[in-house]
Amino acid sequence: MAEYSKEEIKKIEDKWRTEWQKRGIYKVSNDSPKPKYYVLDMFPYPSGAGLHVGHPLGYIASDIVARFKRIKGFNVLHPMGFDAFGLPAEQYALEHGIHPAVSTADNINNFKRQLGKIGFGYDWSREVQTCDPEYYKWTQWIFLQIFDSWFNRKTEKAERIADLIKIFEKEGNASHPIPNSKSNIKNFAAAEWKAFNEKTQQEILMQYRLAYLANTDVNWCEALGTVLANDEVINGVSYRGGFPVIKKQMRQWSLRITEYADRLLSGLDVIDFSESMKEIQRNWIGKSIGAELEFRLAGLTPSPSPGERGTSSESNPKGFQTSEKKYWHILKKFSKDNRKNQTEEEDILWQDLRNNKLGFKIRRQHALGTFIADFVCLDKRLVIEVDGEYHLNNKEYDDARTEFLNDEGFEVIRFTNEEVKSNLQEVLNKIKSTLEARPSLQRPSPSPLEGGAGDEAIKVFTTRPDTIFGIDFMVLAPEHDLVKKITTPAQQEDVANYLKYVESRSEVDRMAEVKKITGAFTGAYAINPFSGRQIPVWISEYVLAGYGTGAIMAVPCGDERDHKFAKHFNLPITNIIGTLYNGEEANSTKEATLENSDFLNGLVMTAAMDVAINKLEEMGIGKKHVNFKMRDAGWSRQRYWGEPFPVVFKDDVPYAMNESELPLELPPSNNFKPSGNGEGPLANLTDWINFTPEQKRDSNTMPTHAGAAWYFLRYMDPHNKTAFADKKALEYWNQVDVYIGGSEHAVAHLLYARLWTKILHDLGYINFDEPFKKLINQGKITGVTSIFYTVKGVDLIVSKKFYDNPELIIEECKKQFGPEYFNSNLKPIIETEGIDFYERRIDISIVENDILKIDKIKEKRPALINFKFLLEDGKYICGSAVEKMSKSYFNVVNPDEIIDKYGADTLRLYEMFLGPLEQSKPWSTQGIDGVFKFLRRFWNLFHSGENFRVSDEAPTREELKVLHKTIKKVEQDIENFSFNTSVSEFMICCNELSSLKCNKRAILEPLAIVLSPFAPHIAEELWEKLGHTDSIFNAGYPAFDEQYLKENSFEYPISINGKVRVMMNIALDMPKEDIEKLVLESESVTKWTEGKAPKKVIIVPGKIVNLVM
RNA sequence: GCCCGGGUGGUGGAAUUGGUAGACACGCAGGACUUAAAAUCCUGUGGCUAGUAAUAGUCGUGCGGGUUCAAUUCCCGCCCCGGGUACCA
């Protein structure tokens, strides 16, 4: 009855699972005098496939840590929940018509059932599900906090938008310029800010918000009808499904994670993640330090001539039919003259426009292109014309000018002389309101409007300012703004053709031919600011628009790509590193001494960098610059099954919903098809989207990362109705002490969780700014696929040996099936085609230790019923391959099967025994018997035959030594996450106690406690049998006592010339001199030394003695 | 290509402030028990050479060098495997 048999195990494990639940022993209190410990698993996405044996690996480890810490006296938080929003459930709904809410709930139940059987000690009362409105209410709430924040670069932290508004009102944005350098909005003064209308103010604030809406290049996946995050795109195709992905501009929510790049990077230094994990994050953030500098363009670079834009006439006294630079000074003079000859009406108006009287800087008689405007506000791109007689007579000229100005983004408003004279106030009001309604613009390039051509400059980022004298050409990204402007007429065609080619290439093409060298010459030349040398400007795909400034200075002798480009297009190569450049390939060394480099000559590159940067700064054309590879995080998904954005659009401006209106629940729907035009499935619910005539909702939902970015905080106080978690709970539980999960979440999840934590910290909600103190990545468990081999053309299946050695088949076949079979079946094949095989995967459930159960395979695959099996040693041995666990490979092992056969305790121990936790390994049940046998032997220590029998006799010193050695080793191992070695230690201990025939309570009782984190069911059962009524998990960890391990003597290995020859037992407290004497006089040693005196004697107390002869 | 991690018996793996390489387990072989099988228990088990044997010798932690009384561990060069990243200037 009391044997550790299959039936008994099932009884014990079932009993304790229900009992633990009934007693509520896993319930965790937020109010405890004990020190806290927070052990967290990455919560699973509840997929329909259920768990395979790979999933619990990390959960078992965390469960061991949690239980161990508990019996060590900590108040341990060890929760579990589900990352329940996400694409697969939605795809499943599209394919099977089952609502995501339904399939998700089913899958969660199945997961919980499977997890329950393994005996995890989760406090299920703290369970969270990200798709639960009670949960995502707070996801939305945190999103709104992020929306309501900006990153203050002075204090390097997130602050409230209200504070930013206060700053704007006081001093404009001079000390806090727009974070995105590509933004068109210019700096503004306090008065300007106040004068902006609501919409303009909101547009400006949007440029600062940490969660913002903007037109961004997104990865658009047509097949999935959605936008994907960068990390969801692999090699130009979607990570799920492998569909093509293209770049597309869409109005999307993004998180301004780039503002946190530096803190995310430096934070890595204070957290305990594996080196490879940190490295992945560092690469993703991609910080590089260098310089940003400008290259002026040389010579004339025409912009479109107005002659092409409209008609003109010789009789027009104010019109110049060219924009060439040489005419600029004439235009300028002309406008000067005009100013002196203002009409009366213009003068009247000017008195009220000048000196920022309306709150805007207005210029009069200002040259724009080849035209002159009466009044212009350059920041707002507004032209104000007062039409006198002259205009009435020159309509053609005015039309041409208006067209040109509109093309350049100007709005033109006109007043008649009459209006200005009679109704000045109304004119002024109209001017003011028009100005306020227009966004402030930073002119994309100053030249064609103000300075004429020639003022164009190409801004580049480089990490190697020291190589500036080695520049032989410049390269712009094909998408670069300047490309059109600088291309010379002679090169128009080449450039246009190249741009066409670039456009025709899909992401996949590009990925496939990354190193292909292509490009076109623009005809323009830039000037090296140091040498004055003219350098040709090219465009090429290898320069990415999205990184740095989208333009590079090419130094072919030091950069491989530049070098290949130069060779391919036959461009000259300047050598600045002397013999280190061999003319064949670039040398990217930083150690060379510079040559051909003017004032940098003779400097070592690393030192020259600063010298060059200083010079750039001195000349005012460049400065030190830090660049990041990381982009802002796209936060919109065109999906149904996610958190709706808690905002309301009024006049196209998004406003945060009130906290009292949260959660904004996902509206019920059965239409999950994306609308296809970039809107999500929610756009199909027009009543919901346009819920009032003036108010609109967002049709997108948040990515699955949103719910996962903060769930570890919700566990601390999961039922809180008034806050995402109570402040006291957040303070008490604080950081996650140990976080266990897969390394595949290195960039997305972990970065977003770290980001949200930092923002919540900055805003004062939590007092830590890194969520996870320590991260452990459990290795992947791969599947071992079993393979059998069929001989092509015959109904014959051969064992692995014959697949490896086909020459053995003939003889063996004759032996096993007789010559008749051979002659009629195999022989014809051998004679015509020779022996060739099919390799086929076979369900691993009918294979045991590589031996195929032949009767079962015939049941499973009736097609094989007439096949003959050529065996080796009477067995069919399968081949095998290590692959990921997948249903289609027939290699999935479900933990339920293992538990059925051996019990949960064996499964737990075995998964730990498999090897180091962080190492990936193929699943194999070879060896599981050893673990099972250990548990039975452990059980047997407490039993005599079928009866529980434990003696109260006092333990011997030897027995105590075994116990304390185990207590110490297991404790150390758990702290080091080396669970495989603690299982070994248990085995050693059990073996030793078995041979000592020890069944003493004083030894076995503490031992049961030490084992309990690993094998909770058996430990609890034995604990009860020992007479305890309270759970073993409320018992304390046995105290380790050093004295039992103290030895008086040590069995010294005596090595002679490095080889161990003799063992000698010597007292540990013996002085070195005495040891030496003892060893040298020992007969067994003199046998080796032949009586000669050793050259040297090395004695390491407690370790070794080495004699050098 | 670059960055990170790793390479130890037939297998999973153990041992690193440099100090007996191969713990523990699987597998395999032999034995005990049994009518038999399963289960259980005991013994052996890195390779090679010699020996009936006990045993002795010798090689051995991816490869080649080096430092050291002593190297799986430290240093230099190379090979292979796994992961990350990919025209990031």
Side-chain angles (χ1 to χ4, degrees), chain A residues 3 5 234-235 274-284 286-288 290 460-464 467 475 477 510-511 513-517 540-544 546-555 558-562 564-565 588 627-631 743-744 746-747 777 779-780 782 849-850 910 913-916 918-934 936-937 940 978 980-991 994 1051-1063 1094-1109:
Chain A
E3 214 175 300
S5 62
I234 295 155
N235 293 331
S274 72
E275 206 36 57
S276 67
M277 195 58 48
K278 288 183 177 181
E279 205 54 33
I280 292 170
Q281 294 208 359
R282 283 191 195 110
N283 287 339
W284 186 263
K287 181 178 185 170
S288 43
V460 304
F461 171 71
T462 179
T463 53
R464 299 300 302 275
T467 62
V475 189
R510 269 192 78 152
M511 294 288 183
E513 307 178 309
V514 150
K515 302 280 179 204
K516 195 168 163 187
I517 300 160
S540 173
E541 267 191 306
Y542 87 87
V543 175
L544 307 175
Y547 181 78
T549 61
I552 62 155
M553 50 178 240
V555 181
D559 183 282
E560 190 201 318
R561 295 153 304 169
D562 297 347
K564 286 195 172 137
F565 194 84
S588 61
N627 206 37
F628 292 94
K629 199 153 70 174
M630 184 165 67
R631 304 267 78 97
S743 55
E744 65 273 21
V747 282
N777 297 115
K780 273 194 205 63
T782 43
N849 292 339
D850 289 340
Y910 183 60
F913 190 57
L914 226 40
E918 303 197 54
Q919 195 169 299
S920 286
K921 51 230 153 189
W923 175 262
S924 149
T925 43
Q926 285 194 9
I928 197 166
D929 279 334
V931 170
F932 177 71
K933 275 190 247 174
F934 153 70
R936 185 162 54 199
R937 281 160 63 143
N940 289 341
S978 174
N980 55 329
T981 50
S982 28
V983 177
S984 296
E985 183 57 35
F986 283 126
M987 290 171 169
I988 294 166
C989 168
C990 184
N991 290 348
S994 295
E1051 188 83 0
Y1052 275 90
I1054 314 294
S1055 67
I1056 290 148
N1057 284 336
K1059 295 211 165 93
V1060 178
R1061 299 297 185 185
V1062 188
M1063 301 299 289
K1095 264 193 217 151
K1096 201 171 174 186
V1097 180
I1098 292 122
I1099 295 163
V1100 186
K1103 290 256 164 94
I1104 200 166
V1105 176
N1106 192 13
L1107 308 181
V1108 186
M1109 302 306 293

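Order of the sequence lines fixes the chain letters, A, B, ..., with proteins taken first and strands second; residue numbering starts at 1 for each chain. Small disclaimer: the values here were computed from a predicted structure and weren't measured. Computation of the quantities below employed the complete heavy-atom set of this structure, encompassing side-chain atoms and omitting hydrogens, waters and symmetry-equivalent molecules.
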Nucleotide nearest [X] when distance is taken to its side chain, options [options]:
X         : options                : result
A/Lys1096 : B/rA89, B/rC69, B/rU20 : B/rC69
A/Ser984  : B/rA23, B/rC88, B/rG19 : B/rA23
A/Ile1104 : B/rG19, B/rC24, B/rU58 : B/rG19
A/Tyr547  : B/rU20, B/rA89, B/rG13 : B/rA89
A/Glu541  : B/rA14, B/rC24, B/rC87 : B/rC87
A/Lys921  : B/rG13, B/rG19, B/rA39 : B/rG13
A/Ile1098 : B/rC69, B/rC87, B/rC24 : B/rC69
A/Pro1053 : B/rA23, B/rU20, B/rA39 : B/rU20
A/Met987  : B/rA89, B/rC24, B/rU40 : B/rC24
A/Val1100 : B/rU58, B/rA89, B/rG19 : B/rG19

For atom [atom1] of [X] and atom [atom2] of [N], their distance in whole Å:
X         : N      : atom1 : atom2 : value
A/Leu544  : B/rC88 : CG    : P     : 8 Å
A/Leu914  : B/rG13 : CG    : P     : 7 Å
A/Phe934  : B/rC26 : CZ    : C1'   : 16 Å
A/Phe913  : B/rA14 : CZ    : P     : 10 Å
A/Lys1095 : B/rA70 : NZ    : P     : 11 Å

Point to revise | A/Tyr542 and A/Phe565 aromatic ring geometry - parallel, tilted or perpendicular at 30°/60° bounds | key: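 Because their plane-to-plane angle lies in the 30° to 60° range, the rings of A/Phe565 and A/Tyr542 count as tilted.
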Check your understanding: Taking the P atom of each, how far is B/rU17 from B/rG66, in whole Å?
Key ->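 Here B/rU17 and B/rG66 have their P atoms 26 Å from each other.
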Exercise for review: Quote, to the nearest angstrom, the C1' distance that separates B/rA39 from B/rA32.
Suggested key: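 Per the computed distance, 14 Å lies between those C1' atoms.
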Any strand counts, and the cut-off is 3.5 Å on both contacts for Watson-Crick or G-U wobble. Which nucleotide pairs with [N]?
N      : result
B/rA53 : none
B/rG1  : B/rU85
B/rG19 : B/rC69
B/rG46 : B/rC59
B/rG10 : B/rC26

Could you tell me the separation between the [atom1] atom of [X] and the [atom2] atom of [Y], rounded to the nearest 0.5 Å?
X         : Y         : atom1 : atom2 : value
A/Arg1061 : A/Ile1056 : CZ    : CD1   : 7.0 Å
A/Phe934  : A/Cys989  : CZ    : SG    : 7.5 Å
A/Lys933  : A/Asn940  : NZ    : CG    : 13.0 Å
A/Asn283  : A/Lys629  : CG    : NZ    : 5.5 Å

**Study point:** Side chains of A/Ser1055 and A/Ile1104 in contact at under 4.5 Å (non-hydrogen atoms)
**Key:**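 SC-SC contact between A/Ser1055 and A/Ile1104 confirmed.
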Check your understanding: Is the shortest heavy-atom distance from the side chain of A/Asn991 to the side chain of A/Arg937 under 4.5 Å?
Key ->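 Yes, close enough: below the 4.5 Å cut-off.
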Check your understanding: Sub-3.5 Å donor-acceptor pair from the side chain of A/Tyr1052 to the main-chain atoms of A/Gly1102, do we have one?
Key ->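 Yes; judged by distance alone, with no hydrogens or angles, the pair exists.
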Check your understanding: Got a donor-acceptor contact below 3.5 angstrom from the A/Ser274 side chain to the A/Met277 backbone?
Key ->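 Side chain of A/Ser274 to backbone of A/Met277: a pair is present.
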Examine [N]: is either OP1 or OP2 under 4.0 Å from a nitrogen or oxygen in the side chain of [X]? Give yes or no.
X         : N      : result
A/Asn991  : B/rA25 : yes
A/Arg1061 : B/rU20 : no
A/Lys933  : B/rA39 : no

Can you give me the N/O atom pairs linking the protein to nucleotides 2-7 of chain B at distances under 3.5 Å, or say none if there are none?
from  : atom 1 : to       : atom 2 : distance (Å)
B/rC3 : O2'    : A/Glu279 : OE2    : 3.1

Check your understanding: What nucleic acid atoms does A/Ile280 come within less than 4.0 Å of, heavy atoms only: base, sugar-phosphate, or nothing?
Key ->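 Sugar-phosphate contact only - A/Ile280 comes under 4.0 Å of backbone atoms but never of a base.
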Review point. Reckon A/Lys629 touches a base, only the sugar-phosphate, or nothing at all at heavy-atom distances under 4.0 Å?
Key: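 Touches a base.
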Exercise for review: Between A/Val983 and A/Asp562, name the one whose nearest nucleotide on RNA chain B is closer to the 5' end.
Suggested key: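 Nearest nucleotide further toward 5': that of A/Val983.
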Check your understanding: Of A/Asn980 and A/Gly286, whose closest RNA chain B nucleotide lies nearer the 5' terminus?
Key ->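 Whichever sits nearer the 5' end wins; that is A/Asn980.
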Point to revise | In B/rG44, glycosidic geometry as syn within 90° of 0 or anti otherwise | key: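 B/rG44: anti glycosidic orientation.
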